[in-house]
Amino acid sequence: MMCYQCEQTKGGTGCTEIGVCGKTPEVAALQDLLIYTVKGLASLAHHARTAAGIEDQEVNTFVNGAIFSTLTNVNFADDRFVEFVNDSRRLHAKLSAKLAAAGVSLPASASESQPWFGSMPHPLAWNSQAAALGGVGDMIEIGMQTGIAARQEALGETLAGLQELLTYGLKGLAAYAHHAEALGHTDAKVYADVQESLHFLCTPAAADLGAVLDHCFKAGATNFCVMEMLSVAHTSTFGHPVPTPVSLNPVPGKAILITGHDMHDLHLLLEQTAGTGINVYTHGEMLPAHGYPGLKKYPHLAGHYGGAWYRQKVDFASFPGSIAVTTNCVLDPLTAYKNNIFTINETGLSGIPHIKADASGNKDFGPIIRRALELPGYTAEDVQRLPKKKDVTVGFGHNAVLSVAPQVIDAIQSGRLEHIFLVGGCDGSEPQRKYYSKLYQYMPTNTMVLTLGCGKFRIFDQDFGNLPGTNIPRLLDMGQCNDAYSALVVATELAKVFKTDVNSLPLSLDLSWFEQKAVAVLLTLLHLGVRNIRLGPRLPAFLTPEAVGVLVDKFNLIPANVADPAADMKMMM
Ligand code: FSO
Ligand code: SF4
């Protein structure tokens, strides 16, 4: 196997024997095969759309969901990838039949293989092969021929890495689009853009570095629309987040922990547990849920439990209820809790029950609820015994932040607020990530910090006090990683007030990336022309020094100085 799609990749170069995340070579091969077959399906869908005006919603939804399943820490179950690959070929046959019925044939060039597919045919041609696929063993064998190695050999490391940059950006934006779709918000252009880019990766033009980079920034542009769509999906369904204290202390009673990013699932769970006496606790990136009026109104949304994703084995093992996994980041479970955990949507773990939506999209969380009722939950004694923690405050989406904008602007103009930091992104277990913990310590008291993503867990329970002369907290959490849109709205509005651009504001972006959604957000920021972004703790392994050089020249992208956060702070100030 060879996978270097996330920041924690082995040795900063690539996971080759087993993933640092726990991904096996077999699952890696199946994921590679899935991306390969989806490139073929997307190529066909692109032709169907452009040549015959055929739009197939099942294909559109599938493509985004399938590539979402290959994100880091989403799905480790080989049987689920076998299903995805078979579904891809089934949908390919369905769409081919529609085209044939419409009398539209594909140009021969549509399925001409490219050197970077190695010994494999063009994925569109492979999908169309009549022979049925064998079992999982056959798929793994074929999948092993569809990995990065063939692309590196044919294109060289820089171009192969930039093709991966595009693929990973597409994975991230597809994940966000899929979340919005769960709440009923879709955009035909987003499906078309994703599929056009996947099609592009199968054409001779994808051997041109400039064309690949253009597609990366185009993906960034599409992702901006997707993040806006997701923001609208969240706020129109659940209302705009409002500042809300969240308890980190449990209450007596049966308990369910919900993790991941999917607010729709949380809503369904709150509905299905209403009146059962079960309390629901958020974990990880679900923390911002407490700020939404449409979710916080449920009295049994009892609080938040645990820290960032990489601590889940410790946190989940001591949780006395069942655990619902809606999206990443999920890890191979310990025996201590493997009978309590359930996956939903694109997530998957070998041997762990998975809850599927029925034909009309309903999900029955009955198994999760029944397991919670079997488990002890929190007793009054537990609650008494556990050390008491202070509440944390969430809910500073763009609406809430802009409502205090006049005070922030006044503070900037009067010199009481010297600088704003946006420390966004993910957390992880590597020691280099201590850079972010230290960075916060070096922030002068006349500065503010906006956080988003699971990186906030390094400081989310610390008291940063208020901005001098105001009652505005210095630390404002804007939400999940996908709420980067809120930060962009705030930055754009501030720039308007000061009659300048985002790059000229007293604002520094220091991003901690981990997986492919962060790649999508980075591409969006670059597409918007945001410069001087610090990126860490390590630069992506898929970008060669030559590719990094292009980004440094064009955008002054700055590698985080993890060895010396004080120096970075000085430079940002
Ligand atoms: Fe974190 Fe995981 Fe939100 Fe990521 S939970 S690391 S970028 O998947 O999604 O911030
Ligand atoms: Fe390694 Fe990350 Fe790929 Fe997992 S997702 S195999 S940790 S590079």
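Quick caveat: nothing in here was measured; it's all calculated off a predicted structure. All ligand and atom numbering here is 1-based and tracks the order in the structure.
Of the heavy atoms in Gln8, only side-chain atoms (C-beta onward) come closer than 4.0 Å to ligand 2.
Applying the 6.0 Å contact sphere to CD of Glu83 captures more than 12 heavy atoms from other residues, nucleotides or ligands.
Between atom 4 (Fe) of ligand 2 and Cys6 there is no N/O/S contact shorter than 2.8 Å. Note on Cys329: counted as a metal contact of atom 2 (Fe) of ligand 1, an N/O/S atom lying under 2.8 Å.
Residue-ligand proximity: Gln480 is placed with every non-hydrogen atom at 4.0 Å or more from ligand 1.
Of the protein's non-hydrogen atoms, the one nearest atom 1 (Fe) of ligand 2 is Cys15 SG, 2.3 Å. Of the protein's heavy atoms, Cys21 N, 3.3 Å lies nearest to atom 7 (S) of ligand 2.
Counting the atoms of ligand 2 from 1 in the order shown, those under 4.0 Å from a heavy atom of Thr9 are 8 (S).
Proximity of the aromatic rings of Phe238 and His267 is defined here by a centroid distance below 6.0 angstrom, and this criterion is met. With ring centers used as reference points, Phe319 lies 6.0 Å or more from Phe316.
In Glu515, the N, O or S atom that comes nearest to atom 4 (Fe) of ligand 1 is OE2.
For atom 5 (S) of ligand 1, the candidate residues are Glu285, Lys456, His283; the nearest heavy-atom contact is made by Glu285.
Taking NZ from Lys39 and SG from Cys202, the interatomic distance works out to 6.0 Å, rounded to the nearest 0.5 Å.
With no hydrogens or angles considered, a side-chain donor-acceptor pair links His261 and Thr327 at under 3.5 Å.
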